[in-house]
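Labels below follow one simple rule: chain letters A, B, ... track the order of the sequence lines, proteins then strands, and each chain is numbered from 1.
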Amino acid sequence: MDDDSRPDAALGLEGVPHTGESVDGDGMLVEPQAEDFRSAKPASANPSWFKGAVFYEVLVRAFSDSNGDGMGDLRGLASRLDYLEWLGVDCLWLPPFYASPLRDGGYDISDFRAVLPEFGTVEDFVYLLEEAHRRGIRVITDLVLNHTSDAHPWFQESRQNPDGPYGDYYVWSDDDSRYSDARVIFVDTESSNWTYDPVRGQFFWHRFFSHQPDLNYENPDVQEAMLDVLRFWLDLGIDGFRLDAVPYLFEEEGTNCENLPRTHEFLKRCRKVVDDEYPDRVLLAEANQWPSDVVEYFGDPEVGGDECHMAFHFPLMPRIFMAVRRESRFPISEILAQTPAIPENAQWGIFLRNHDELTLEMVTDEERDYMYAEYAKDPRMKANIGIRRRLAPLLENDRNQHELFTALLLSLPGSPVLYYGDEIGMGDNIWLADRDAVRTPMQWTPDRNAGFSSCDPGRIYLPVIMDPVYGYQGLNVEAQLNNSSSLLNWTRRMIEVRKQHHAFAEGDFSELGGSNPSVLAYKRLWKRPDGREDIVLCVNNLSRFPQPVELDLSEHRDYTPLELTGGVKFPAIGELPYLLTLPGHGFYWFQLVEAGDDSEMR
Amino acid sequence: MIDPHELVDKLVASLPDLLPQARWFGGKDKPITAVRPLRTTVVHDDLVHVVIEVEQPGRTENYQGALSLSTGAWDVLLDPDHNGVLLDGIAAGYEADGIVFAHEPGTELRTGLRGRPIGVEQSNTSLIYGQQYILKIFRKLARGENRDLVMHRALRSVGCEHIAQPLGSISTELDGEPVTLAMLQEFLPDAVEGWDMAKTSVRDLMAEADLHAFEVGGDFAGEAHRLGSAVAKVHADLAEALGTQVADEAATDRAIAGMLRRLGEVTEAVPELARYEEPLRTTFEEARQHIGRIPIQHIHGDLHLGQVLRTVQGWLLIDFEGEPAASVEDRLALRSPLRDVAGMLRSFDYAARQLLVGQPDDDQLAYRAMEWTKRNRAAFCDGYAEVAADPRDNAPLLRAFELDKAVYEVAYEHANRPEWLTVPLSSIARMTSGGE
């Protein structure tokens, strides 16, 4: 066959192992296998590690550049693991680092079994895993199950050989009329879920961009092929996957093609592979939906959950922003009240910001207008249905609010996911295209390129932040390490406190109400295996003004609240409501210690 | 064993000294000339219920309380070590010598809880049991079934979602007439009074006086809108449960005459009102022309931001006893639902201006307060209109009800809080000169 029609032609992976290097006698593409590589020693065994873990989302491209090409890479990230260990991070979440034409931030994967060359190689990834596991840090990454890039050799085969083994790997149709009830997700750029392919002479189905054809899960070969992709990385030692865009795997006429029963069936198969072959690893569902729908992705509660171990709680995040602006706890209280119980072996993932825009899909129209008005005063701050800003600028660089938001993130039910750079209060650059505003280089030092890369500054993948407020000269890890009152040191301390009380991880959540609408107070109660209780009380002032609150703690009469950051004992709880006063945007974390127990139990 | 009657006799002798110290005692303005026990009931080993008659110059009222049989301690209704039996009795459907403890059909209650008194009320005592139930004990006893209980039961019967559900009651008879002693309802620990919610919003606005009411983070319009819908739904539920009528002309005349009479009385007492007397009189007279045959029904009767609770499930209306100053007869009469709407609209005005009271004049803040009021009054009416007829459709009547309420407020503030007099007066000034 001539070069252009080779299925791996569009990959640009000459010289590294990749899918479609050769074709076997049955017309099947030869793919790299895990045995071809060294694998990493697994992290220490603990099947429920994810329930209490502090996650840290880090973009490989943005964190650290080891070879001076202006772009962060896996070796660079590995060189910063000491910092992450010091911060208290338990698990890194890496957005996709696979081979990709990068037309959708790497979510357009062109080879599931190769690493994007500018990030390094599969060997580099194994090195990162080894180094992370050595420090007790786990690593999960995004895996897009729903679609591939149109550059993927599978798609190239599929469009060129409709009758070959890959002919049925994608959803092809002679016209664009099927599944018309499915909405178009990227309304900014796409007008239809069908695109005509002149090579094959048919339309292909895509829920996202038209360069991302959906895989055809009706085809059992596709299901097997994707399970083998999971196995490939799990064999190398990865600790789990964030499964991207899971609601869309199957299509069915007359439905909106989301959350279909067969999609759940396939996720159960994925889970079974993990449970049978790779205990200790996790699946995290990305399903941007209401909690009452998302719980479906945990699977059957009777057996403790048999689909994903974790799922993101999307609507909580915009509600936290709303509550603080309204100075009213109700936006948070309401969404938590609407959040159903989850299976025993499941956990929410919660976050304040991530690499995407601040998503406003899960709010009402009225709330969306409100969020735009409050947080996206400049139209450039908006993208799709969200706001592209980092935490610090969203909060107008107010340290008190930054601390309050972080305290909420670390104490509300769910495993917290930090976004790289937010621990030092990094800024954004809304003049960059699309979502790059929040993907600028990590600011390590006041040196050239913020210590991120030794390259010529003109070569860097995105300019470092240089404005007078958030610029790297003043705002960087080195400066904050040397300042004991910095946001970085404060954040590390709070993570440490969180880890001392398992109630934060798995404790039952109950809101305490109270007559002051600006105060959000809740209890986390964890029954330890020895039968004793670890009770944590969190009180948050969502208002910028000082507030009093009277809390009914009569259930814990004679207990002593022990403040968790300083260890100060507060007056014992009596039968009368417990009075606390909080400064503007202030918060308290207490442990409730039983009378006579001076051990200050952990 | 101690004879309870002996104990009660001893108690009664000391009550003229004890009663004036009780928060709930409503006769603090006059000396007590006599206290007589009307009924003594041993509810439980350690709780003896007592109904007393308190005689004062010009009035005789009945009150209730309880003492401990073992220690003789007075008013153990407030004592968590003793008051658990009240809830247990309601749960069990207990009857003790003419005092009937009953739960509402189909309710099951937890027992063995202690009742913690909450200290916010004036005329009643409320006990919170285990953050689940609230028992409202009516201290001053009125003959006839309590309106609050009757209305709650009616609303429950049609599945109303905007109330704290009634769960049970304690009742008895005095002189052959039913008397409600207490009402048990679900307690909502997350509830916040509408007044506190509104204050939070106004505080936010006042702190940023260069931003408009619709621009600030603490905007209340969404809440006001939902509140309007909740009130309209309660009105619809009350109509469904208890029926409606159409007011005849005689009723209209009586209502207008009442407004004019109040205006005359208050103008005499409060000279500041005099300059508005003419326009007010005209407004009331004009309302008569516009009223026609309006529907009347049972309404809340004393609706303001302090009578609504925000919970995670939405807004609830509480306390259906009716206007405290009104006679029993008036409280029971059918009214136009617009009276409740008018009450709430007035309350928005109060909420907006409460931070300005006692402060030097500040045009900028006064302007913001006006903005807040307008915005939230409109949102409330919009919410109401989503469920029922738009209250603004009958503007002349609504305005008359509001102004009548404002005249009442003038009298109240004049007598009790002269600093606040500017709040109703400025509203009257605005509304009588064609403002909203």
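For chain B, the nearby part of A/L512 is the backbone; its heavy atoms alone come within less than 4.5 Å. The contact between A/S328 and chain B is made entirely by side chain atoms (from C-beta outward), counting heavy-atom distances below 4.5 Å. If you measure heavy-atom distances from B/S201 to chain A, you find no contacts under 4.5 Å at all. For a residue to count as touching a neighbouring chain, one of its non-hydrogen atoms must lie under 4.5 Å from one of that chain's; by this rule B/R203 touches chain A with backbone and side chain alike. Only the side chain of A/Q547 comes within contact range of chain B, with heavy atoms under 4.5 Å apart.
Considering CG of A/N516 and CE of B/M197, their distance stands at 10.5 Å, rounded to 0.5 Å. Of the inter-residue distances, the one linking B/D219 atom CG with A/R325 atom CZ reads 12.0 Å to the nearest 0.5 angstrom. Remark: A/E327 CD to B/K199 NZ distance equals 13.5 Å, nearest 0.5 Å.
Of the listed residues A/G514, A/S554, A/S543, A/A521, the one with more heavy-atom pairs under 4.5 angstrom with chain B than any other is A/G514. If you tally non-hydrogen atom pairs under 4.5 Å between each of B/L188, B/T200, B/L309 and chain A, the highest count goes to B/T200.
Few gaps surround CD on B/Q364; more than 12 heavy atoms of other groups in view lie less than 6.0 Å from it.
Using modelled atom types, one side-chain atom of A/R544 and one backbone atom of B/D204 make a donor-acceptor pair closer than 3.5 Å. In terms of modelled atom types and a separation under 3.5 Å, the side chain of B/R116 and the main chain of A/P577 share no donor-acceptor contact.
Side-chain contact check for A/E555 versus B/Q131: every heavy-atom pair is 4.5 Å or farther apart. Residues B/P80 and A/E575 form a side-chain contact, since some pair of their non-hydrogen atoms from C-beta on lies under 4.5 Å apart.
The two residues B/D190 and A/F330 have their closest heavy-atom pair at O-CZ, 3.7 Å. Between B/V312 and A/A337, the shortest heavy-atom contact is CG2-CB, 4.0 Å.
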